[in-house]
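Reviewing the structure listed below.
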Amino acid sequence: MIRTVATTPFDGQKPGTSGLRKKVPVFQQPHYVENFVQSVFDSLSEFEGETLVVGGDGRYYNREAIQTVIRIAAAAGFGRVLVGRGGILSTPAASAVIRKHGAFGGIILSASHNPGGEHGDFGIKYNIGNGGPAPEPVTDAIFARSKEITQYRISDAPDVDLDTLGITRVEDMVVDVVDPVEDYAELMGTLFDFDAIRDLFGSGFTMRFDAMSAVTGPYATAILEETLGAAPGTVVHGEPLPDFGGHHPDPNLVHAHDLYERVMAPDGPEFGAASDGDGDRNMVVGRGRFVTPSDSLAIIAANAHLAPGYRSGIAGIARSMPTSGAADRVAEKLGVKCYETPTGWKFFGNLLDAGLATVCGEESFGTGSSHVREKDGLWAVLMWLNIIAARRQGVAEIVGEHWAAYGRNYYTRHDYEEVDAAAADALVADLRARLDTLPGTVINGLTVEKADDFAYHDPVDGSVTTKQGIRVFFTDGSRIVYRLSGTGTAGATLRVYLERFEPDASRHDLDTQDALADLVEIARTLPDIEGRTGRSAPTVIT
Ligand code: G16
């Protein structure tokens, strides 16, 4: 039976950079999930009888939320729900399933790289029919609706058995529990030279893939070990756990430090990779060389033609504004355009749909392509394996040759997490107020060339997105960017991105923090980070 339940709005159901993210207890409040999901459906139209894809990264509260989504979807009139077995679907796999099955859209339960567990983070994100995150007009409509919602409609059917493949019904709606890996693995097989990668592993190539007890475990085990012949045990922390084993499932030098150390050891594996909570981020490290996400994007773009799915070349590259300019140099050489978008994968959707870009990437450990409309951790890892297999070179050699050919963009990001939100807002507002007076100023020997607040003009739909980050450019080609994160759940996170281009190959082996030391100092003092936030050092450096 379908019931109509009276409700009142909750404050703050505003989707951020990537969906609504809050602490688990916030989502556990009566009506909280229901209100948001109903607000999503109320913001859409003409989905009667259509298919909705539902799945999540397996974190705490995943199963409960999925049952609620299914009941509300049935009441709203969807014809079919495709849900991953065990409630599991990585974010890129959900995107692949939406596209392959021509679904109307999908609901993904995840807070990505944020910690999970009873007191950890949870999230709900709506993806549209192209498989990508809902664009801003849709998320704005959802938020507006959430502020005026008075009722939701929900089926009182019993829980669906999420662990058994096959079809059941909730009211008139078909619920199809599907294998979460199958469609995704099949897609990967069409893009990459699996035979060459199989030969690579067959010749004794060693790898360690850290799934961080998050969603990519089943995907990596099926593809790397069972299909491509990587040695059993290549995938570690391969079982998705509700609390990610108490770890922070964020593949970077801080939270995947163990992997980094192991690959850097002389007797370690030749190649290491990790993915995040929901499988869309990736970290790549070869013996003796960590690859920054910005370099990874550039190297993937320069070598994509080595993979069968990209043999005819790429149409263009897109990167988020804070991502380094390394990809721009590749685009120039390839004679294609490099688009610069605000942070957030949703901004790539139009470019990919219009065929303007094939490969996209972000400094926040995200890379992907037009095969889906999300960034894709395992895709990036398979692309690297394909490149390594085709070039018969290790990661360090590939990176070294890339820098020799294009120059090196030294790059680092300094995060100040959980700072007082008002102080962070004031810091950015103050920088914004100084934009006109900064050019010409000499700070620690570097002259400011120009400064602005990044605004994006979408070339496809003409929309304009403003206030996407303060950029300070120096006459020597260096750059500092300040922006506030849109994915945190406590206080504010100030991100400071620093970059300097070094064409001289004899200076390509400096330590990144040393190479950027003068910029780091300027970045700290220019907005007086310590005075305003009380923080004398960043909490995370990547
Ligand atoms: C999300 C977005 C990315 C963005 C990242 C960091 O990633 O999809 O596009 O780069 O957040 O955003 P922010 O700097 O605002 O915290 P994920 O992996 O969390 O979905």
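One-based numbering, in listed order, for ligands and for the atoms of each.
If you check the side chains of R471 and Y482, you find no donor sitting under 3.5 Å from an acceptor. Of the N and O atoms on the side chains of S485 and R495, at least one donor lies less than 3.5 Å from an acceptor on the other residue. The closest side-chain donor-acceptor pair between H101 and D183 falls under 3.5 angstrom. Checked by atom type, the side-chain pair Y411/D295 shows no donor-acceptor distance below 3.5 Å.
No cation-pi contact links K23 to F27, judged by a cut-off of 6.0 Å to the six-membered ring centre and 45° from its axis. Both the sub-6.0 Å distance and the 45° axial angle are satisfied by R329 relative to the ring of F501.
For ligand 1, the 4.0 Å heavy-atom shell contains residues T17, S18, R21, S112, H113, D276, D280, R281, T343, G344, W345, E362, S364, K375, R483, S485, G486, T487, R495.
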